[in-house]
Asker: 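The following block contains the structure, expressed as structure tokens.
Ligands are counted one by one from 1 in listed order, and the atoms in each one are counted from 1 as well. Keep in mind it's a predicted model, so treat the numbers as computed, not measured.
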Amino acid sequence: MMVGKSSFIFFASIALFFASTVQAQHEDHMVYVDVYYESLCPDSIKFFTKQLYPSLQTNLSHFVNLTLLPYGKSDYTTVQNQLEFTCHHGPFECEGNKIQACALALIEKGQPSEGLGYNRITVGFINCLMDKVDRQTSNTTFPLKECAEINQVTNYVDIDNCAHHVDGSKHLSTLGELTKNLKPPLTSVPTIVFNKQYRKEDSDLAQENFVRALCQYIHHDKPAECSGSSGLKTSFTILVLLVSLAFAKLF
Ligand SMILES: *[C@@H]1O[C@H](CO)[C@@H](O)[C@H](O)[C@H]1NC(C)=O
Ligand SMILES: *[C@@H]1O[C@H](CO)[C@@H](O)[C@H](O)[C@H]1NC(C)=O
Ligand SMILES: *[C@@H]1O[C@H](CO)[C@@H](O)[C@H](O)[C@H]1NC(C)=O
């Protein structure tokens, strides 16, 4: 009788263990990716248009819970009840950051697209602005209308108004507070943080190879984009497990 009871407990524990891992897979399936950057920073433009955006056009998009923070090394003060910003690459960058802050708040009310951890239209729109900004020595223009048309942004006039009025300043100051909360404080732009834990090696790797940096954090049901040595590692682990099980049965 004792034997029956303990083996029941044994099998029940195994069943519970498997049930809990299946549950965990669903909950931890997404990776938080926080991007601290600036609208006119060349390295930010390179990261966004060459690494982040192309990666999100693949199945990896389903693994990313994205937070965009177009603020970087900006600063702001309140002068006579008005927020005044200074930006790393000058006043036009403040305008670009405000446009993006407004886009993040206003496109589809800032809601993520179905099944994704970010809004697909907003990310496409921002990618376009980063890619096509026209920087002249004395003037910079953000191709709002053109990028809105390419990405089917229907309310770009609202975004334009927001960016050039007090709402844009408010949205940008919110991103400023989030940026100032980063620990350790931001030193280089862009900075990419995975799962809310800053690691310099991840941020550097992401700029060279975002897919590889992200895939380090995808542990279950890795998409084909992640395949490489890590796929072999998984098969090897399974093989070792099977062999150990066979031995356990034998002795
Ligand atoms: C995404 O994954 C599915 C299977 O999970 C596959 O059929 C499809 O081809 C993949 N799409 C891309 C763009 O890789
Ligand atoms: C992404 O993270 C936010 C904040 O934690 C959460 O509310 C949201 O449900 C997540 N999105 C997905 C698709 O998991
Ligand atoms: C910059 O260019 C835009 C569009 O060409 C124009 O409307 C604006 O007045 C210019 N701004 C400055 C400061 O020259």
Side-chain angles (χ1 to χ4, degrees), residues 21-36 39-40 52-53 55-71 84-87 89-105 107-124 126 128-149 156-157 159-165 168 171 174-175 177-179 181-183 192-198 202 206 210 213-215 217-223 225-226:
T21 42
V22 167
Q23 181 70 26
Q25 278 185 26
H26 281 284
E27 281 171 6
D28 319 331
H29 145 106
M30 280 211 178
V31 181
Y32 289 104
V33 178
D34 301 344
V35 183
Y36 298 84
S39 63
L40 292 181
L52 181 65
Y53 185 72
S55 307
L56 295 178
Q57 307 314 301
T58 73
N59 273 345
L60 285 171
S61 60
H62 299 288
F63 293 84
V64 175
N65 193 331
L66 185 67
T67 304
L68 295 177
L69 301 122
Y71 185 84
E84 286 191 2
F85 293 84
T86 48
C87 298
H89 299 88
F92 289 114
E93 182 165 77
C94 295
E95 183 189 356
N97 291 348
K98 284 179 192 170
I99 291 170
Q100 294 195 20
C102 290
L104 287 161
I107 293 176
E108 297 187 334
K109 299 193 174 83
Q111 294 302 303
S113 306
E114 196 176 337
L116 294 180
Y118 59 90
N119 186 286
R120 198 179 46 74
I121 295 174
T122 309
V123 169
I126 290 177
C128 177
L129 292 173
M130 301 285 278
D131 193 35
K132 294 186 192 295
V133 60
D134 183 13
R135 281 186 88 176
Q136 306 293 330
T137 39
S138 60
N139 199 357
T140 294
T141 36
F142 297 94
L144 271 171
K145 190 165 188 281
E146 182 190 352
C147 289
E149 276 164 9
Y156 87 91
V157 174
I159 293 168
D160 201 3
N161 281 331
C162 165
H164 298 99
H165 294 92
H171 291 307
T174 303
L175 298 177
E177 291 311 309
L178 291 171
T179 301
N181 286 342
L182 181 66
K183 289 189 182 73
I192 301 103
V193 176
F194 293 90
N195 282 345
K196 309 290 172 191
Q197 180 71 53
Y198 172 76
D202 286 353
F210 178 71
L214 174 69
C215 287
Y217 289 90
I218 300 175
H219 303 299
H220 306 289
D221 308 320
K222 275 183 190 266
E225 286 77 7
C226 290

Asker: Under 4.0 Å and counting heavy atoms only, is there anything from the protein next to atom 14 (O) of ligand 2?
Answerer: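 There is a protein heavy atom less than 4.0 Å from atom 14 (O) of ligand 2.
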Asker: Using side-chain heavy atoms (C-beta onward) and a distance below 4.5 Å, is K183 in contact with Y198?
Answerer: no
Asker: Could you walk me through whether T122 and E108 satisfy the side-chain contact (heavy atoms from CB on, under 4.5 Å) test, starting with their C-alpha distance in whole Å, then the side-chain angles of each, then the deciding distance to 0.1 Å, before giving a yes or no?
Answerer: CA-CA 8 Å; T122 309; E108 297 187 334; over 6 Å; no
Asker: Give the residue, atom name and distance (to 0.1 Å) of the protein heavy atom nearest atom 5 (O) of ligand 2.
Answerer: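 Result: Y32 OH, 3.2 Å.
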Asker: Quick check: does any side chain N or O of N119 sit under 3.5 Å from a backbone N or O of Q111, one acting as donor and the other as acceptor?
Answerer: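 The answer is yes, because a donor-acceptor pair under 3.5 Å joins these two groups.
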Asker: Any sub-3.5 Å donor-acceptor pair from N97's side-chain atoms to S39's backbone N or O?
Answerer: yes
Asker: Quick one: which ligand 3 atoms are inside 4.0 Å of a heavy atom on T141?
Answerer: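 This gives 2 (O), 3 (C), 4 (C) as the contact atoms.
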Asker: Please list, in number order, the atoms of ligand 2 under 4.0 Å from a heavy atom of N65.
Answerer: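 By the 4.0 Å cutoff, the relevant atoms are 1 (C), 2 (O), 3 (C), 8 (C), 10 (C), 11 (N), 12 (C), 14 (O).
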Asker: Does atom 2 (O) of ligand 3 have a protein heavy-atom neighbour under 4.0 Å away?
Answerer: yes
Asker: For ligand 3, is there an N or O atom under 3.5 Å from any N or O atom of N139?
Answerer: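 The answer is yes, given that N139 and ligand 3 share an N or O pair closer than 3.5 Å.
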Asker: As an exercise, identify every atom of ligand 2 less than 4.0 angstrom from a heavy atom of M30.
Answerer: 12 (C), 13 (C), 14 (O)
Asker: Please tell me if atom 11 (N) of ligand 2 is touched by the protein, where touching means a protein heavy-atom distance below 4.0 Å.
Answerer: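 Within 4.0 Å: yes, protein heavy atom nearby.
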Asker: If you count the non-hydrogen atoms of other residues, nucleotides and ligands that lie under 6.0 Å from NZ in K196, is the total more than 12?
Answerer: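 Yes.
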Asker: Do any N or O atoms from the side chain of H171 and from the backbone of A103 form a donor-acceptor pair under 3.5 angstrom?
Answerer: no
